[in-house]
Amino acid sequence: MSADRCPAHVTVAPGRRVRCTGPVGHGPAEDMHQGLLRVTLPDGREHAASLVWSTSPSPWDDEILERAT
């Protein structure tokens with residue numbers, strides 16, 4: 001396994017990109033990526049959050065998006 005960083009990233013807001021924290025070729029599912037970001041709650045407190053994403057389509061995408069909005 002290479003020590004290089006995984007090039008995957010996701011834009012969570014204009015100008016705010018979260019990069020995958022795994023190395024290139026990470027496994028076991030190479031298309032599953034994870035990154036960390038700081039979130040601010042409505043009461044002003046800040047917390048670390050973990051974001052997991054994939055670029056492969058899922059048969060559950062529509063259902064997941066409906067619950068997220």
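Bear in mind the structure is a predicted one, so any value in this text is a computation, not a measurement.
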Trainee: Is there a side-chain contact between Val24 and Pro7 (heavy atoms, below 4.5 Å)?
Mentor: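 Contact flag for Val24/Pro7 side chains = yes.
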Trainee: Report yes or no: do Trp53 and Val39 belong to one cluster of Ile/Leu/Val/Met/Phe/Trp/Tyr joined by side chain heavy-atom distances under 4.5 Å?
Mentor: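 Yes: a chain of side-chain contacts under 4.5 Å links Trp53 to Val39.
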Trainee: Can you run down the side chain to side chain donor-acceptor pair (under 3.5 Å) pairs that involve residues 34-44, sequence neighbours left out, and say none if there aren't any?
Mentor: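 Of all non-adjacent pairs touching residues 34-44, those that pass side chain to side chain donor-acceptor pair (under 3.5 Å) are Gln34-Ser50, Arg38-Glu46, Asp43-Arg45.
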Trainee: Would you say His47 and Leu41 make side-chain contact, with heavy atoms under 4.5 Å?
Mentor: yes
Trainee: I need the Leu51 CG to His33 NE2 distance, nearest 0.5 Å.
Mentor: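 Taking CG in Leu51 and NE2 in His33, the distance rounds to 11.0 Å.
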Trainee: Per the ring-ring contact (aromatic ring centres under 6.0 Å, His included) rule, what does the pair list look like for residues 4-23, sequence neighbours excluded?
Mentor: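 Listed by first then second residue: nothing to list.
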Trainee: Quick one: hydrophobic cluster around Leu36, which other residues, with the 4.5 Å side-chain cut-off, linked directly or via members?
Mentor: none
Trainee: To the nearest 0.5 Å, tell me how far His26 NE2 sits from Asp31 CG.
Mentor: 8.0 Å
Trainee: Rounded to the nearest 0.5 Å, how far apart are OG1 of Thr11 and CZ of Arg16?
Mentor: 11.5 Å
